[in-house]
**Q** 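What follows is a structure written as structure tokens; I'll ask about it next.
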2 protein chains.
Amino acid sequence: MCGACNGDTNGAPAAPASNGTTTTNGTHPAQGRPQTSPYQSVQDYLSNVANFKIIESTLREGEQFANAFFDTETKVKIAKALDSFGVDMIELTSPVASEQSFKDCQTICNLGLKAKILTHVRCNMDDAKAAVATGVDGVDLVIGTSSFLREFSHGKSMAYIQKSALEVIEYVKSQGVEVRFSSEDSFRSDLVDLLSLYKAVDAAGVQRVGIADTVGGATPRMVYDLVRTLRGVVHCDIETHFHNDTGCAVANAHAALEAGATHVDTSVLGIGERNGITPLGALMARMVVTSPEYVKSKYNLKELKALETLVADAVQINIPFNNPVTGFCAFTHKAGIHAKAILNNPSTYEIINPEDFGLSRYVSISSRITGWNAVKSRVDQLGLDMTDDQVKEVTAKIKQLADIRPLAIDDTDSILRSFHTELQKA
Amino acid sequence: MCGACNGDTNGAPAAPASNGTTTTNGTHPAQGRPQTSPYQSVQDYLSNVANFKIIESTLREGEQFANAFFDTETKVKIAKALDSFGVDMIELTSPVASEQSFKDCQTICNLGLKAKILTHVRCNMDDAKAAVATGVDGVDLVIGTSSFLREFSHGKSMAYIQKSALEVIEYVKSQGVEVRFSSEDSFRSDLVDLLSLYKAVDAAGVQRVGIADTVGGATPRMVYDLVRTLRGVVHCDIETHFHNDTGCAVANAHAALEAGATHVDTSVLGIGERNGITPLGALMARMVVTSPEYVKSKYNLKELKALETLVADAVQINIPFNNPVTGFCAFTHKAGIHAKAILNNPSTYEIINPEDFGLSRYVSISSRITGWNAVKSRVDQLGLDMTDDQVKEVTAKIKQLADIRPLAIDDTDSILRSFHTELQKA
């Protein structure tokens, strides 16, 4: 549990801060923050957590977000920013959606980005031909396979789905373009049907098959089981796509990679249909803890905040207060017992180093739940000279006032300065 | 994957909407939405997913949120709203934190709520005595057990921790008050140390032991493994507490329940230290899918939105755009292929019934990715008379305009009405 008390007035003395740091946002001591995950002592044979790829779908799934309207200029800006961040592939809205959608695919293909450019179409020949005609590197085919979607959406049988899939795949391959085949609503599809279909398209030579939790109802154990089973059935790469309706989209992506999936779909801030999919930033937070070396060497984490701001502005939303890494208080420490330990060694209460993302931490001292060690660090920052007993006395004053009304840091600083002035007079 | 295309112009005809509904927010067809989870065909022996309890910590963990300042009146309002929602226990900030914190514990204990009232203190005798003196039903003891916290926070040995824990537990029990013992940062603690400690406090008669992912770095598989192991070691209840730094707090809670944990800590909107803990609303979204009957019979889900609004206002934050259930677009459907299926049967693209939370769905038709079935439903709502071919023609017009600029529903309705007027003239 989080420390929740008056901090540190009764505890035994802490071990001295062996690295001597008391800064709240200065350099981060490497000591105590291992380069490899503190958790994983056993390597999983199937796991790709240290070797995964990102298919970034802000310009496809993200366009299905209620607020999204991306003109060509905005699409180009976002594609360039994603490429600079280091995503492996960028997925675009189907060229069949509208005339401009077709042109935008062409425009982005011509930018000369490092990332592969994909577009996402229904599994039929007309759509596939339009996709290939845009000049993309890969075509992502999708069709619903759950009984729900087969009955209430397209009305096709599994036999029909497989037959037409194989024709479309053969066509796309014949054009020298990569192809992925994905089911929709995979977790409510019949397992045997699904595996038969994937086995057939794998044999037909697709680069990837895709698993999609289209309605956002899957749990990590369900994901692990399905992906692990599929890993034994197909030889190609496995892409995964998770909606966030039940808050599990990040954990499901992690479970999929543990089970042998190779690719994760993301969008910036998770924007997409309904409340969206696995957010790129939250996935980075998760994976930098699991596989710090891989993630830090591959992705330009310091660009995350600017990337999120670009997209948030484009779709007129605020970055959620609780967003991993870039939420306004993701590295703010408030309870006295936390603040004390953080000042000794940030790894005590931080699993992510804010500096990896070009950010800094903040130790709040303006509340009733602060503690004297945190206040002492502020006293030192302000260059005021006090004994420990004096700091404890002024901490009591801060708590007293914070019981009555919210305090800003200016208020607290004033209390510290006036207390210090009185000390000097005395 | 989500449908991403021009909807439904090429597909085979859909099965007819057998329930005849085309309303976007009317009554919800029970058909196709099973009362029990569509996923779980096998019962787990250990699982408590259909029999869990909530320890609501908005008034403890939530007070550690950067923006939180709760005066007594606000605390009382929140406590009453949580009680009305149906949470099992309400946890309050330590009475040792400040004078007002002590008084607020007493005030809330005297409200006569159905929920048990707990307070959360460090594991020492002074704190425990203050806790008991407030009149709470239970005392939640906590101490850091990771090497990080033992070195950089309180500096105590495991032997010292166990000895003092047993003394404090004995005292609280002697006062006729329930007691929980929790480690802090459990996932970075030595497993053998942890299990030895829990075994000792279980033998001493605690009501619950607690597992805490204090830094938010755990994954569902780690959680499952630790809780399942612990389940074999102690006889008492198991409480779990998950921070959300890496976006896994909801999934971790679910994994803990699957492994035999009995209680989950939540706060409204997840507010807490840094970016917070398992949000109450997101957990409800998760659990109503896993265990619909239990959750709908136990919690007043229709009060969720008001509860979240109350807390959001109190701490001056916006409800995140992507919040499960109550985010502004959690039940908005935009891509044509989605909208078409949703109109036939909402379960196709909704794992949660918005009506269970007193909310309604919305089918957006004002974008380039809409489809003619969605437009047809709007045409019907407006009472306009068009053939399917005419609807397809006007859909093309909508897409053309939506390629140029963002459309509001008024814009789209105007297109539909003027097209209809022209049809009547012709």
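Chain letters run A, B, ... following the sequence lines, proteins first, then strands; residues in each count from 1. Only heavy atoms go into these numbers, but all of them, side chains included; no hydrogens, no water, no symmetry mates. Because the structure is predicted, anything quoted here is derived from the model rather than measured.
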**Q** Contact part of Ala66(B) toward chain A, heavy-atom cut-off under 4.5 Å: side chain, backbone, both or neither?
**A** both

**Q** Which bit of Thr219(A) is near chain B, if near means a heavy-atom gap under 4.5 Å: side chain, backbone, both or neither?
**A** both

**Q** Name the option with the most non-hydrogen atom pairs under 4.5 Å to chain B; the candidates are Thr72(A), Thr119(A), Ile319(A), Thr348(A).
**A** Thr348(A)

**Q** With respect to chain B, which residue among Gly270(A), Ser101(A), Ala396(A), Ser57(A) yields the maximal number of heavy-atom pairs within a distance under 4.5 Å?
**A** Ser101(A)

**Q** Is it the case that the side chain of Asp127(B) and the backbone of Val121(B) share a donor-acceptor pair, with hydrogens and angles ignored and the cut-off at 3.5 Å?
**A** no

**Q** Counting only non-hydrogen atoms closer than 4.5 Å, does Ala68(B) touch chain A with its backbone (N, CA, C, O), its side chain (CB onward), both, or neither?
**A** both

**Q** I'd like to know which of Asn275(A), Leu283(A), Val325(A), Ile404(A) tops the heavy-atom pair count under 4.5 Å against chain B.
**A** Asn275(A)

**Q** Tell me, for Asn323(B) versus chain A, whether the close heavy atoms (under 4.5 Å) come from the side chain, the backbone, both or neither.
**A** backbone

**Q** Tell me every residue that passes ring pair (Phe, Tyr, Trp, His ring centres under 6.0 Å) with Phe321(B), counting only those two or more places apart in sequence or in another chain.
**A** Phe65(A)

**Q** Out of Val250(B), Asp403(B), Leu407(B), return the one with the most heavy atom pairs under 4.5 angstrom to chain A.
**A** Asp403(B)

**Q** Heavy-atom distances under 4.5 Å only: say whether Ser367(B) touches chain A with side chain, backbone, both or neither.
**A** neither

**Q** Can you tell me which portion of Ile143(B) sits under 4.5 Å from chain A's heavy atoms? Options are side chain, backbone, both or neither.
**A** neither

**Q** Do you see a donor-acceptor pair shorter than 3.5 Å between the side chains of His120(A) and Glu61(A)?
**A** no

**Q** Let me know if Asn244(B) has heavy atoms under 4.5 Å from chain A in its side chain, its backbone, both or neither.
**A** backbone

**Q** Measure the CG-CD1 distance between Asn322(A) and Ile317(B) for me, rounded to the nearest 0.5 Å.
**A** 7.5 Å

**Q** Minimum heavy-atom separation for Phe69(A) to Ala402(B), with atom names?
**A** CE1-O, 2.9 Å

**Q** Please rank Arg405(A), His333(A), Arg221(A) by heavy-atom pairs under 4.5 Å with chain B and give me the top one.
**A** Arg221(A)

**Q** Do NZ/NE/NH1/NH2 and the carboxylate oxygens of Arg274(A) and Glu350(B) come within less than 4.0 Å?
**A** no

**Q** If only side-chain N and O atoms count, and only distance matters, is there a donor-acceptor pair under 3.5 Å linking His241(B) with Ser182(B)?
**A** no

**Q** Side chain, backbone, both or neither: which part of Ser364(B) has a non-hydrogen atom closer than 4.5 Å to chain A?
**A** neither

**Q** So, using salt bridge (charged side-chain N to carboxylate O under 4.0 Å, His left out) as the criterion, who are the partners of Asp140(A) when residues are at least two apart?
**A** Arg180(A), Arg208(A)

**Q** Given the options Pro95(A), Pro406(A), Ala341(A), Cys248(A), which has more heavy-atom pairs under 4.5 Å with chain B than any of the others?
**A** Pro406(A)

**Q** Please classify the contact of Pro220(A) with chain B as side chain, backbone, both or neither, using a heavy-atom distance under 4.5 Å.
**A** side chain

**Q** I need the minimum non-hydrogen distance between Ala218(B) and Val223(B), along with the two atoms involved.
**A** CB-CG2, 4.1 Å

**Q** Please rank Cys329(B), Gly144(B), Ala282(B), Ala251(B) by heavy-atom pairs under 4.5 Å with chain A and give me the top one.
**A** Cys329(B)

**Q** Which value, rounded to the nearest 0.5 Å, describes the distance between Thr246(B) atom OG1 and Asn252(B) atom CG?
**A** 7.0 Å

**Q** Heavy-atom cut-off 4.5 Å, strictly under: side chain, backbone, both or neither for Gln400(B) against chain A?
**A** neither

**Q** Grab the two heavy atoms, one from Gly216(B) and one from Asp245(B), that are nearest each other, plus how far apart they are.
**A** CA-OD1, 3.7 Å

